[in-house]
Amino acid sequence: MSHPSPIIKKVSNCHTLILPTPWLDSSSPSLFPSSSHLHLHHPIKCSLQRAVFRGPCKSTIKIMIDGTIVAPDYRSMGNSGYWILFIEVDKVAIFGGTLDAKGAAYWACRRSGKSCPVGARSITFNWASNIVVSGLTSINSQLSHLVINSCKNVAVRNVKIIAPDQSPNTDGIHVQGSTGVTITGSTIGTGDDCISIGPGTRNLWMEHIKCGPGHGISIGSLGKDKNEDGVQNVTVANSVFIGSDNGVRIKSWARPSNSFVTNIVFRNIVMTRVQYPIIVDQNYCPNNQGCPNQSSGVKVSQVTYRNIKGTSRSQAAMIFNCSSSNPCRGIRLQDINLTYMNKAATSTCRNVHGTRSGVVVPRSCV
């Protein structure tokens with residue numbers, strides 16, 4: 001099939017991009033074209049309505065974006081939950097460009113207490129494989145900026161994600177049910193987790209991440225459901241956290257579950273004015289609903305913290321609040337140096353077993 005050209009419709013001083021018909025969602029299945037390039041070149045902003053890119057793909061697809069693509073009014077996206085969605089695609093690469101989801105109006109609707117749509121994630125990959133996202137900037141997503149769900153072999157490189165520190169549920173990157181994801185060289189500052197890691201995530205590598213503001217890099221929350229997949233083989237390396245609420249966090253609901261967290265490494269990390277640099281919280285129970293007086297069934301084991309240094313905004317720089325019924329096991333602390341207002345910080349431990357080596361400051365309770 002020949003490569004269809006995108007249709008550009010001039011609207012006053014802006015451009016509205018209408019994607020080629022074969023790349024729009026429809027009631028009948030549609031394939032990506034066999035040719036391999038779509039170049040969206042706009043020296044000024046253009047708008048894009050809610051769009052679905054559905055596979056399978058016949059060959060490698062490269063999408064190169066120059067300029068800024070702007071979302072429509074949040075009301076026009078209804079309760080779909082997405083703005084730009086890729087489903088069952090293979091060998092798709094996106095380079096450059098900016099996505100501006102104009103989330104402020106949606107956040108204001110939520111704050112007002114009015115009836116609002118569920119909100120939209122800016123760009124989502126579902127059941128995709130061999131994906132590259134490189135050099136993309138995402139601004140003010142209504143909800144999560146980039147979602148990687150049930151995917152294999154995804155490389156996210158040199159992305160920049162921006163949202164105000166009080167914007168609700170604006171996770172930078174959310175990974176769930178996916179294997180072989182790498183996130184490198186990226187700067188993320190949002191109102192929620194810089195990177196959140198959900199059930200079923202395996203072999204996730206994050207390196208050279210700059211996080212803040214935001215809630216840090218979080219595994220979880222896990223264990224909301226009794227039957228839930230776990231998280232394993234996750235590494236965060238050579239990264240910095242600046243002014244974030246948390247640094248590296250593991251979080252689970254205080255309720256029965258067969259989920260787990262294992263083989264996790266946090267190493268070579270600098271914390272600057274982070275509220276809780278190292279935290280495991282297995283007693284998550286928002287509003288004390290559905291979980292009071294219970295303990296987490298999520299098993300946390302084989303977690304290594306190595307060469308983590310910097311400053312904490314709270315005196316308790318290390319918190320291990322583990323499950324009473326499933327204590328944390330195999331926690332390893334090596335060469336930790338965290339201070340609080342130029343003074344000694346403290347550590348807090350509940351139901352945790354592990355080892356320490358090298359110099360560990362604050363004094364370890366593990």
Side-chain angles (χ1 to χ4, degrees), residues 182-188 193-197 201 203-220 231-252 260-282 299-322 327-366:
T182 63
I183 304 170
T184 57
S186 296
T187 299
I188 305 170
D193 295 327
C194 293
I195 301 172
S196 58
I197 302 157
T201 300
N203 303 332
L204 170 61
W205 182 275
M206 295 161 281
E207 187 171 17
H208 299 301
I209 306 298
K210 182 180 178 181
C211 169
H215 296 178
I217 293 179
S218 296
I219 297 176
V231 172
Q232 64 184 29
N233 301 336
V234 173
T235 297
V236 179
N238 305 314
S239 296
V240 297
F241 295 76
I242 302 174
S244 54
D245 292 350
N246 305 292
V248 290
R249 174 170 66 164
I250 299 172
K251 181 173 71 169
S252 70
F260 61 88
V261 177
T262 191
N263 294 334
I264 312 297
V265 177
F266 303 112
R267 61 179 173 85
N268 303 337
I269 294 172
V270 176
M271 308 280 185
T272 303
R273 304 183 309 278
V274 173
Q275 185 74 19
Y276 301 111
I278 294 173
I279 180 169
V280 176
D281 179 10
Q282 290 203 262
K299 296 177 176 62
V300 177
S301 65
Q302 307 307 316
V303 183
T304 297
Y305 302 86
R306 181 185 304 131
N307 190 29
I308 299 177
K309 302 176 180 179
T311 57
S312 172
R313 295 206 314 271
S314 64
Q315 191 165 8
M318 291 195 300
I319 299 173
F320 295 96
N321 185 12
C322 298
C328 298
R329 301 186 183 278
I331 305 301
R332 292 183 288 270
L333 301 175
Q334 179 181 352
D335 298 327
I336 309 295
N337 188 1
L338 295 168
T339 61
Y340 165 67
M341 296 180 65
N342 297 318
K343 299 182 294 185
T346 61
S347 60
T348 301
C349 292
R350 293 178 59 191
N351 309 310
V352 57
H353 304 283
T355 61
R356 61 182 181 269
S357 61
V359 176
V360 176
V361 177
R363 184 178 178 85
S364 171
C365 53
V366 172

field: Exercise: do T262 and S301 side chains pair donor with acceptor under 3.5 Å
entry: yes
R273 side chain to G243 backbone, donor-acceptor under 3.5 Å: no
query: In Å, rounded to the nearest 0.5 Å, how long is the span from SG of C322 to NE2 of H353?
result: 9.0 Å
task: Rounded to the nearest 0.5 Å, what's the gap from CE on M271 to OG on S239? Could you check?
output: 9.5 Å
task: Start with the C-alpha distance between N307 and N268, add both sets of side-chain angles, then the distance that settles side chain to side chain donor-acceptor pair (under 3.5 Å), and finish with yes or no.
output: CA-CA 5 Å; N307 190 29; N268 303 337; 2.9 Å; yes
- request: Provide the closest heavy-atom pair for R313 versus Y340 in the form atom of the first, atom of the second, distance.
  value: O-CE1, 3.4 Å
Matching residue for Q282 among V261, N321, V300 - test: side chain to side chain contact (heavy atoms under 4.5 Å, CB included): V300
- request: Report yes or no: does T346 contribute a side-chain atom to a donor-acceptor pair with the main-chain N or O of Q315 at less than 3.5 Å?
  value: yes
message: Looking at every non-hydrogen atom in both residues, tell me the closest pair between G216 and S244 and how far apart they are.
response: N-CB, 4.3 Å
task: Specify the closest pair of heavy atoms between Y305 and I278, including all atoms of both residues, with the distance to one decimal.
output: CE2-CG2, 3.5 Å
- request: Could you check C194 against I209 for side-chain contact (heavy atoms from CB on, under 4.5 Å), going step by step and ending with a plain yes or no?
  value: CA-CA 9 Å; C194 293; I209 306 298; 5.6 Å; no
- prompt: How long is the gap from CE on M318 to CG on L338, to the nearest 0.5 Å?
  reply: 7.0 Å
Main-chain N/O of T184 paired with S186 side-chain donor or acceptor, under 3.5 Å: yes
message: With heavy-atom distances below 4.5 Å as the criterion, would you say the side chains of V303 and C328 are in contact?
response: no
Minimal non-hydrogen separation, V366 against R356, with atom names: O-NH1, 2.8 Å
task: Mark yes or no for whether S218, through its side chain, and G220, through its backbone, hold a donor-acceptor pair below 3.5 Å.
output: no
- request: For the pair T272 and V240, evaluate side-chain contact (heavy atoms from CB on, under 4.5 Å) and give the outcome as yes or no after the intermediate values.
  value: CA-CA 8 Å; T272 303; V240 297; over 6 Å; no
message: Nearest 0.5 angstrom please: I264 CD1 to I219 CD1, how far?
response: 4.0 Å
Rounded distance [0.5 Å steps], CZ in R249 versus CZ in F266: 11.0 Å
- prompt: Is a donor on one side and an acceptor on the other found under 3.5 Å between the side chain of N238 and the backbone of E207?
  reply: no
query: When you measure from the side chain of T311 to the backbone N and O of T339, does any donor-acceptor pair fall under 3.5 Å?
result: no
- request: Answer yes if the side chains of Q232 and N263 hold a donor-acceptor pair under 3.5 Å, and no otherwise.
  value: no
- prompt: What distance do I217 atom CD1 and I197 atom CD1 have between them, rounded to the nearest 0.5 Å?
  reply: 7.0 Å
message: Before you tell me yes or no, could you show the steps for V359 and N337 under side-chain contact (heavy atoms from CB on, under 4.5 Å), namely the whole-Å CA-CA distance, both residues' side-chain angles and the distance that decides it to 0.1 Å?
response: CA-CA 7 Å; V359 176; N337 188 1; over 6 Å; no
- request: Identify the heavy atoms of A317 and P277 that sit nearest to each other, and give their distance.
  value: O-CD, 3.4 Å
query: Does the R306 side chain pair with the main chain of V265, one donor and one acceptor, at a distance under 3.5 Å?
result: no
message: Please evaluate residues K251 and N246 with respect to the criterion side-chain contact (heavy atoms from CB on, under 4.5 Å), reporting the C-alpha separation (whole Å), side-chain torsions for both, the decisive distance (0.1 Å), and the verdict.
response: CA-CA 11 Å; K251 181 173 71 169; N246 305 292; over 6 Å; no
task: Specify the closest pair of heavy atoms between S364 and L333, including all atoms of both residues, with the distance to one decimal.
output: OG-CD1, 3.4 Å
- request: Ignoring hydrogens and angles, state whether a donor on the side chain of N233 or N203 is under 3.5 Å from an acceptor on the partner side chain.
  value: yes
